[in-house]
Amino acid sequence: MAPSHLLKCCQKVLAWIPVVFIVLVVCWSYYAYVVELCIFTIQSTGEKAVYLVIFHLSFIMFVWSYWKAIFSHPATPSAEFFLPKSDKEQYEREERPEAQQVILKRVARELPLYTRTATGAIRYCDRCQLIKPDRCHHCSACDMCVLKMDHHCPWVNNCVGFSNYKFFLLFLLYSMIYCSFVAATVAQYFIKFWTNGLPDTQAKFHVLFLFFVAAMFFISILSLYSYHCWLVGRNRSTIEAFRAPVFRNGPDKNGFSLGVSKNLKEVFGDEKKYWLLPIFTSLGDGCTFPTRLVNLDPEQATTPLPADSTKNIGDGQTFPTRPLSESQNRLLSGEQQWPEENLGDCIKPGAWGHVAVPVESDS
């Protein structure tokens with residue numbers, strides 16, 4: 001028991017290494033840009049002032065969104081999705097999968113569920129002992145079921161899902177802005193140092209290395225950010241891009257897509273003035289999602305979950321909740337268009353190597 005506990009502690013400590021690496025690189029880049037470049041290298045006071053103001057704005061937004069992506073606890077299923085005590089005891093006594101599915105189907109009849117496993121069974125997590133809500137998956141790294149799980153990201157040491165997907169996207173966006181600004185403003189001094197247009201000083205090493213690091217990170221982040229923009233436009237998670245969600249009438253990779261505009265609102269919220277701020281504005285409660293296939297599902301429960309003003313979805317953390325009926329009214333109202341069907345899947349930025357998806361099978 002003790003060696004197992006020690007191993008888990010070591011794994012938790014080692015998991016912070018990528019985050020520590022990023023923090024160290026960012027701290028060095030701050031010193032190199034502010035001190036070595038702006039204070040010791042640039043002679044023009046006006047140029048210094050402009051560079052420092054824009055730099056600190058992008059730096060603050062980058063650090064803020066990165067912090068939120070790291071420390072926002074993954075949202076977990078609410079109490080409605082756990083089996084009642086009597087059903088749980090009956091489920092554990094049953095040895096035949098068919099009998100267990102009968103129990104799960106009876107409980108699931110009262111829940112807003114549209115998706116199934118590849119074999120058509122109820123999605124049940126034996127580890128967490130709950131019926132998985134739509135788009136929820138068990139993360140083996142976090143050892144919990146995460147609402148609208150996208151992937152487990154080692155660079156934030158956190159599971160990216162419903163509670164922090166907006167923060168993760170903004171982290172990528174502000175990382176690109178930060179890196180592109182640094183690379184663009186350092187470029188002319190990089191050339192001067194490279195061609196010996198400026199005297200050799202301690203700043204030379206920092207400026208040369210700063211340009212290479214900023215350019216390298218910008219290129220790598222650009223591909224990942226482009227891929228996630230493509231996912232948001234089609235209302236898919238990384239897991240769903242690899243494996244289409246299965247509805248009762250079969251798999252459909254666009255089953256949750258409501259059109260590009262409504263897909264964006266589902267992640268960033270109704271009010272555009274908050275879109276670029278790392279504050280939680282995503283629509284819904286993470287357990288239920290509007291789908292264009294809802295009218296094709298005869299077994300779907302018609303009673304939405306209670307419309308509380310707030311809902312606890314993870315270790316004391318509360319998020320705004322909107323019941324399924326309201327989400328449908330707001331996101332499914334008006335004429336529905338599915339532009340991604342006409343666009344096809346011809347453009348997919350290649351960023352597969354940047355994400356790790358430790359997820360257990362639903363079969």
Side-chain angles (χ1 to χ4, degrees), residues 75 112-115 133-137 146-151 160-170 172-173 225-241 243-297 300-302 304-305 307 311 313 319-349:
L113 299 174
Y114 300 116
T115 57
D134 294 336
R135 316 186 82 175
C136 174
H137 298 274
V146 179
L147 296 180
K148 197 186 177 182
M149 178 179 172
D150 187 88
H151 69 283
V160 178
F162 175 75
S163 64
N164 64 348
Y165 189 53
K166 177 190 175 183
F167 306 146
F168 177 74
L169 292 174
L170 292 180
L172 296 180
L173 173 63
Y225 180 71
S226 300
Y227 173 63
H228 277 280
C229 287
W230 178 83
L231 289 176
V232 171
R234 285 154 179 78
N235 207 334
R236 301 178 199 168
S237 66
T238 299
I239 295 175
E240 292 165 350
R243 184 177 61 208
V246 179
F247 298 84
R248 289 195 183 96
N249 58 333
D252 188 338
K253 59 185 177 183
N254 294 319
F256 291 107
S257 182
L258 308 174
V260 174
S261 176
K262 293 173 182 176
N263 292 342
L264 286 172
K265 289 182 180 180
E266 192 170 302
V267 175
F268 292 97
D270 287 332
E271 301 185 65
K272 294 183 179 180
K273 61 183 178 181
Y274 298 123
W275 280 18
L276 296 180
L277 295 178
I279 57 178
F280 186 84
T281 56
S282 301
L283 297 182
D285 60 359
C287 293
T288 58
F289 296 90
T291 169
R292 55 178 179 169
L293 304 176
V294 63
N295 294 329
L296 302 177
D297 196 345
Q300 173 59 31
T302 57
L305 295 177
K311 192 183 192 78
I313 50 178
F319 297 101
T321 180
R322 297 175 175 84
L324 180 62
S325 57
E326 183 181 346
S327 298
Q328 289 173 340
N329 289 335
R330 299 174 68 179
L331 290 174
L332 295 176
S333 60
E335 184 180 357
Q336 297 181 0
Q337 298 178 349
W338 319 113
E340 62 273 20
E341 286 186 340
N342 298 326
L343 293 174
D345 295 329
C346 55
I347 303 176
K348 292 187 180 181

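Sequential numbering from 1 along the given sequence is applied to the chain's residues.
Phe256 has its side chain within reach of Pro245: a pair of non-hydrogen atoms, C-beta onward, lies under 4.5 Å apart. Side-chain contact check for Phe247 versus Thr291: some heavy-atom pair is nearer than 4.5 Å.
Atom-to-atom distance recorded for Leu172:CG and Cys229:SG is 8.5 Å, nearest 0.5 angstrom. Between the CG atom of Asp134 and the CZ atom of Phe289 there is a distance of 8.0 Å, given to the nearest 0.5 Å. Leu231 CG to Tyr165 OH: the interatomic distance, rounded to the nearest 0.5 Å, is 5.0 Å.
Ring geometry, His151 versus His228: the interplanar angle falls from 30° to 60°, so the pair is classed tilted. Between Phe280 and Phe167, the ring planes are perpendicular. Angles over 60° get that label, and only those under 30° would be called parallel.
In plain terms, the two heavy atoms of Leu258 and Lys262 that are nearest each other are O-CD, 3.6 Å. The shortest heavy-atom contact between Tyr227 and Ala241 is OH-CB, 3.6 Å. For the residue pair Arg236 and Arg135, the shortest heavy atom distance occurs at CA-NH2, 3.8 Å. The shortest heavy-atom contact between Pro133 and Cys287 is CB-O, 3.6 Å. Listed here is the closest heavy atom pair of Phe162 and Ala75: CD2-CB, 4.3 Å.
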**Study point:** side-chain contact (heavy atoms from CB on, under 4.5 Å) evaluation trace for Glu240 with Asp150
**Key:** CA-CA 8 Å; Glu240 292 165 350; Asp150 187 88; over 6 Å; no
Check your understanding: After noting the C-alpha distance and the side-chain angles of Leu264 and Val232, does the key distance pass the side-chain contact (heavy atoms from CB on, under 4.5 Å) rule?
Key -> CA-CA 6 Å; Leu264 286 172; Val232 171; 3.6 Å; yes
Exercise for review: Determine, step by step, whether Met149 and Ile239 satisfy the side-chain contact (heavy atoms from CB on, under 4.5 Å) criterion, reporting the C-alpha distance in whole Å, the side-chain angles of both residues, the deciding distance to 0.1 Å, and the verdict.
Suggested key: CA-CA 8 Å; Met149 178 179 172; Ile239 295 175; 4.0 Å; yes
Practice item. Output, in order, the C-alpha distance, side-chain angles, deciding distance and verdict of side-chain contact (heavy atoms from CB on, under 4.5 Å) for Ser163 and Leu147. Key: CA-CA 8 Å; Ser163 64; Leu147 296 180; over 6 Å; no
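In this structure, Lys166 contributes its side chain and Ile279 its backbone to a donor-acceptor pair below 3.5 Å. Without hydrogens or angle criteria, Asn235 side chain to Asn263 main chain gives no donor-acceptor distance under 3.5 Å.
Not counting sequence neighbours, Lys148 has no partner by the side-chain hydrogen bond (donor to acceptor under 3.5 Å, both in side chains) test.
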